[in-house]
Amino acid sequence: MATLLEVKDLKTEFRTQDGVVHAVNGVSFTVDEGETLGLVGESGCGKSVSVLSVMRLIPHPPGKITNGQVLFQGRDLLQVDDEEIRSVRGNKIAMVFQDPMTSLNPVLTIGTQIGEALELHLGMTKEQARKRSVELLKMVGIPEAEGRLDDYPHQFSGGMRQRVMIAMALSCSPQLLIADEPTTALDVTIQAQIVDIVKRLKTELGMAIIWITHDLGVIAGLADRINVMYAGFVIETAPVKEIFGNPLHPYTLGLLTSIPRLDAAMKSKLTPIEGLPPDLIEMPKGCPFYNRCTFRTDQCANENPALELGAVRHSVACWNWQDVLKKRAAYLSGRA
Amino acid sequence: MSQAMSALEPPLGWASRERSSQEQLARRIVSNLPALLGAAVIVWMVILAIFAPIIATYPYDQTNLNAVEQPPSLAHWFGTDALGRDMFSRVVWGARSAVFVIVMVTVIDLGLGLQLGAAAGYLGGWVDTLVMRVADILFAFPGLLFVFFIAATIKPGLLAWARTHGLDDLARSGYLDYAVVIIALGVIGWAGLARLVRAQVLTVKEREFVISARATGVPTWRIILRHVLPNSIAPVIVALSMGMGDIALSEGYLSFLGIGLQPPAPSWGNILADNAGQYWRTFPQMIWLVLIPGLVLASVVFAFNFLGDGLNEALNPEISP
Amino acid sequence: MATSSDGALVQVVGLKKYFPITQGIVFQRKIADVKAVDGLDFSIQRGETLGLVGESGCGKSTTGRTVLQLYSPTAGQVVFQGKDLTKLHGEDLRKMRRNMQMIFQDPYASLNPRMTVGDIIGEPLEVHNIAKGKEKKERVQELLSIVGLNPYFVNRYPHEFSGGQRQRIGVARALAVNPAFIVCDEPISALDVSIQAQIINLLEELQEKFHLTYLFIAHDLSVVRHISDRIAVMYLGKIVELTDRNALYANPLHPYTKALLSAVPIPDPIIEEKRERIILVGDVPSPVNPPSGCRFHTRCPLAIDICKRVDPEFRDVGNNHWVACHVV
Ligand SMILES: Nc1ncnc2c1ncn2[C@@H]1O[C@H](COP(=O)(O)OP(=O)(O)OP(=O)(O)O)[C@@H](O)[C@H]1O
Ligand SMILES: Nc1ncnc2c1ncn2[C@@H]1O[C@H](COP(=O)(O)OP(=O)(O)OP(=O)(O)O)[C@@H](O)[C@H]1O
Ligand code: SF4
Ligand SMILES: [Mg+2]
Ligand SMILES: [Mg+2]
């Protein structure tokens with residue numbers, strides 16, 4: 001499949017009073033046309049900053065993209081002028097955020113807000129935009145869509161607002177949809193509704209998706225490929241079944257064994273990852289996972305491993321991934 | 001457990017870099033020039049007030065009919081008035097009056113406003129209704145008018161009380177004037193503070209750590225003192241700072257209108273009143289006699305407001321850019 | 001009465017909590033009620049963990065807080081250690097709090113930012129006259145190491161800690177008075193995945209060590225399943241199903257429980273591919289005007305006519321498996 005987006009060695013930092021926050025430290029990944037990429041990792045690991053950098057939406061100051069390329073359909077978005085990037089945003093690449101309330105304008109009706117993008121990017125008339133808005137709202141499963149165009153955001157529930165956000169994002173038929181934790185604030189039953197809709201739209205519209213989450217469960221049923229991020233690095237990337245079936249990085253393994261699973265036999269004890277992620281201001285010089293890793297060796301303290309191929313289409317950034325591979329079974333059963 | 005413990009140390013640099021809130025506060029104030037200027041003016045006023053007897057070059061009430069209406073000179077930096085009193089010394093002593101009134105009124109406002117506001121907000125029910133209705137009534141009147149009214153009503157009463165108790169000296173000394181001003185300003189000042197404290201307490205009391213304190217079994221008075229008030233205090237400090245400017249100004253008004261401190265007791269308000277009354281006809285001659293005390297009073301009022309603004313920004317990091 | 005009560009440490013009967021909605025400023029009139037908790041019956045055995053799950057706004061926190069009398073109940077009884085808490089007031093209730101404590105969801109909001117860790121953990125010791133001065137300090141340090149923190153942290157402030165560490169401080173505070181019963185209100189929801197297991201394990205260890213009884217509130221069914229002995233599922237202010245955790249997962253009876261279980265994502269792409277989901281339509285209705293009859297009938301895939309009219313009884317269908325549904 002053709003590559004839609006290619007990010008090469010992206011680095012983004014924030015200059016704050018306390019020092020330079022190294023939020024994204026040389027991230028590379030690609031998204032193919034129609035592919036769904038999951039971006040997984042815990043709070044502060046740089047998921048949002050990565051995709052905001054792609055969209056050039058990093059607040060400057062304090063933020064700055066210090067290195068890298070973002071090739072979208074062959075063009076480097078970091079080099080194009082402001083007008084061009086605006087024509088890409090919301091049009092070819094659309095974004096949905098975690099909190100649907102803060103990303104909707106409370107004093108404008110839903111109809112006005114969806115219509116705006118249609119009129120702006122696609123040059124539709126008011127009536128055309130209205131008609132299309134109704135179609136879009138129906139597409140995301142909002143009942144009685146015509147009647148709800150003139151409602152204000154506060155008249156919708158959280159789940160409905162998130163659907164409106166998705167409808168708005170889809171309004172210009174983007175080639176890439178970036179969803180930054182779109183279901184984190186929602187209940188499981190509502191999350192299931194949204195995931196269901198996105199799955200359907202993905203096949204119907206054939207767009208590529210970057211789905212950010214810290215919930216491995218949500219992404220398992222949705223993504224084609226997964227990037228696991230830690231402290232501003234992508235530490236493992238593989239097709240979704242590889243990540244869950246053949247995790248090679250100690251952190252990924254830790255994530256999988258530290259959460260209770262609804263379907264698994266009852267375990268007497270969970271295996272937590274002890275300790276905390278490193279401070280992004282004083283980054284360790286070795287592997288960022290070193291202080292929490294049960295597979296570490298002396299080399300890890302001094303040298304930061306780069307991503308290397310561990311299996312087909314499966315890369316991992318760990319000096320000892322072969323050791324992980326050997327001991328994984330014992331690790332899983334011994335702790336279970 | 002011991003293994004887990006060592007792993008739970010914060011990563012190096014985590015805690016050490018997190019500055020204490022006091023330090024951050026200080027840093028934010030220092031970076032705000034008007035607030036810094038305001039603080040400097042206020043510090044000066046306090047120094048003048050404390051060391052007035054040393055700094056003043058003459059007694060504030062010493063008249064000298066050989067040297068009336070002198071322009072500013074080396075001997076009389078701010079000139080002299082119609083009775084030959086040294087204006088510089090009067091202004092310096094005026095700082096003492098101002099600081100005294102500001103401190104006393106603030107103490108009353110704090111005492112009443114903080115406690116009544118906190119009780120109303122935390123306890124709710126009839127306590128809340130009672131306190132807030134009284135505050136509403138105080139608010140319904142135009143502030144200064146009400147102060148004049150109170151000052152005018154209690155002054156004769158106080159004087160009569162002093163005389164009937166054989167305190168003629170006290171009645172004549174002018175100290176009772178201070179009491180009148182302080183009581184009048186204090187009586188209306190607390191209401192605004194109480195409202196603010198109550199609103200603050202209402203939000204803080206829903207915060208989880210207050211509920212946590214209740215769940216733990218912490219007694220109510222202790223919850224108010226240790227959990228609610230310390231976390232409600234920031235806007236109160238801002239309001240107090242701005243309020244002090246208002247008190248300085250109100251004292252000026254009162255004394256200017258003759259209800260407050262009476263000459264020869266030195267007050268910026270009555271100095272202004274005296275001189276303006278004497279010289280408005282001959283304007284612009286002797287202009288410094290009005291200009292200097294006016295500027296001093298204005299700069300103090302501005303100083304408190306600048307400081308309040310600065311504190312407001314420093315205590316609410318969200319609103320500063 | 002739901003569930004047998006012998007040996008029960010906590011017995012809740014017909015518990016209701018309505019929050020009035022008022023209008024007007026000077027003359028406040030009540031115009032409606034938020035029926036946050038609307039008639040709950042359950043008991044918790046000594047040493048047991050009862051899980052309470054449900055969607056946002058269904059009344060879980062309100063239940064926890066009303067059980068502890070942090071909200072005064074609109075109706076019902078809470079019998080704890082043989083005493084009806086709803087009859088206790090003032091100083092009697094305050095003294096009783098020594099035996100029942102709470103752990104909160106938000107590790108950032110639940111610690112007073114202006115108190116040191118030592119004061120935060122030491123306060124319960126002081127207000128219940130358990131320890132003072134040097135003795136108090138020693139006990140605080142002991143508590144810190146029990147929850148896996150460095151005892152030297154006593155003089156630090158909450159902002160110097162990460163979320164997981166703060167949650168440990170909250171746990172230490174709740175433990176300080178040696179309570180019998182702790183309400184844990186979503187104690188891990190605000191934490192990162194990699195930290196959640198640390199706190200779950202800690203709570204389990206402490207339960208064993210100090211024979212604690214938990215009411216464990218959560219919206220994450222996998223976590224509740226892991227930690228609870230029995231589980232109550234709440235919907236819009238009522239318990240719809242209550243049973244042993246294995247029975248609940250192996251044999252859920254209430255259509256809402258089924259939907260809830262099927263909505264939980266499983267971190268396994270192969271299972272997810274094959275899984276059939278019950279996708280509920282619509283949103284949770286407002287607790288101000290809950291639907292007539294069975295509250296779930298507006299979203300229920302199995303609803304029949306009677307569901308609209310009659311509120312189903314919460315009954316034991318055998319093996320202490322309690323459920324409120326006409327179709328079961
Ligand atoms: N405006 C900013 N100023 C300073 N630091 C920032 C800013 N925005 C982000 N950061 C830092 O960059 C790092 C990465 O943040 P990012 O928002 O990408 O995390 P995330 O992976 O999206 O986490 P979450 O799951 O919490 O959304 C964090 O450590 C954060 O503190
Ligand atoms: N103090 C209060 N005053 C008025 N209404 C309240 C109050 N506390 C809760 N409610 C309402 O009661 C209902 C139940 O709230 P509760 O906080 O118990 O839900 P919850 O199940 O804990 O939800 P969550 O998972 O979001 O924490 C909600 O509709 C809420 O809006
Ligand atoms: S490189 Fe070393 S420290 Fe890093 S994850 Fe691999 S084994 Fe652990
Ligand atoms: Mg983010
Ligand atoms: Mg809750």
Side-chain angles (χ1 to χ4, degrees), chain B residues 1-25 123-126 128-129 132-133 136-137 140 203-234 315 317, chain C residues 26 64-65 68-71 90-91 93-115 119-120 123-124 126-128 144-151 153 156-162 164-165 168 170 173-174 176-177 179 183 185 198 201-202 205:
Chain B
M1 198 55 83
S2 68
Q3 187 203 350
M5 230 169 72
S6 59
L8 285 171
E9 299 279 351
L12 214 65
W14 179 299
S16 57
R17 229 189 28 252
E18 289 246 17
R19 295 202 176 73
S20 74
S21 42
Q22 285 94 330
E23 247 176 280
Q24 284 180 355
L25 186 67
L123 301 176
W126 65 266
D128 187 21
T129 313
M132 284 304 114
R133 287 308 151 265
D136 286 345
I137 292 170
T203 52
V204 173
K205 108 175 171 184
E206 294 300 328
R207 294 198 28 206
E208 250 179 19
F209 64 80
V210 175
I211 300 182
S212 164
R214 286 176 55 211
T216 303
V218 180
T220 305
W221 59 268
R222 188 175 161 133
I223 294 181
I224 296 183
L225 280 182
R226 299 216 40 188
H227 296 274
V228 176
L229 281 181
N231 288 288
S232 317
I233 217 72
L315 294 166
Chain C
V26 180
R65 289 178 183 193
L68 292 186
Q69 306 300 307
L70 293 169
Y71 294 153
E91 196 60 11
L93 182 59
R94 192 182 79 73
K95 289 211 175 105
M96 201 66 187
R97 297 200 178 283
R98 190 180 159 164
N99 304 313
M100 47 187 201
Q101 291 285 309
M102 183 150 179
I103 298 170
F104 292 83
Q105 168 171 358
D106 187 344
Y108 293 84
S110 57
L111 304 180
N112 186 340
R114 289 173 202 271
M115 278 165 77
D119 288 338
I120 288 172
E123 184 170 50
E126 226 170 280
V127 300
H128 289 289
L144 277 172
S145 50
I146 286 175
V147 298
L149 291 171
N150 189 327
F153 288 169
R156 295 207 186 162
Y157 285 88
H159 76 258
E160 296 176 56
F161 294 89
S162 71
Q165 290 175 321
R168 286 171 193 265
R173 176 174 162 102
V177 290
V183 173
D185 189 357
Q198 296 178 6
N201 282 355
L202 175 68
E205 276 167 32

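Chain A is the first sequence line, chain B the second, and so forth, proteins listed ahead of strands; every chain is numbered from 1. Quick note: numbers below take in every heavy atom, side chains included, and nothing from hydrogens, waters or symmetry partners.
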Most chain B-contacting option - heavy-atom pairs closer than 4.5 Å, from C:Asn112, C:Asp119, C:Val177: C:Asn112
Would you mind telling me which of C:Glu126, C:Met102, C:Gln105 has the largest number of heavy-atom pairs within less than 4.5 Å of chain B? C:Glu126
Measure the acute angle between the ring planes of B:His227 and B:Phe209, then classify it against the limits of 30° and 60° as parallel, tilted or perpendicular. tilted
Do you know the tightest heavy-atom contact between C:Ala174 and C:Ile103? CB-CG1, 3.9 Å
Closest non-hydrogen atom pair between C:Ile146 and C:Leu202, with its separation: O-CD1, 3.9 Å
Answer with side chain, backbone, both or neither: which region of B:Arg226 has an atom nearer than 4.5 Å to a non-hydrogen atom of chain C? both
If I take atom CZ from residue C:Phe104 and atom CD1 from residue B:Ile211, how far apart are they, to the nearest 0.5 angstrom? 6.0 Å
Separation of C:Glu123 CD from B:Ile223 CD1 (nearest 0.5 Å): 8.0 Å
Would you mind checking which part of [X] comes under 4.5 Å of any heavy atom in chain B, side chain (CB onward), backbone (N, CA, C, O), both or neither?
{"X": "C:Leu70", "result": "both"}
{"X": "C:Met100", "result": "backbone"}
{"X": "C:Gln69", "result": "backbone"}

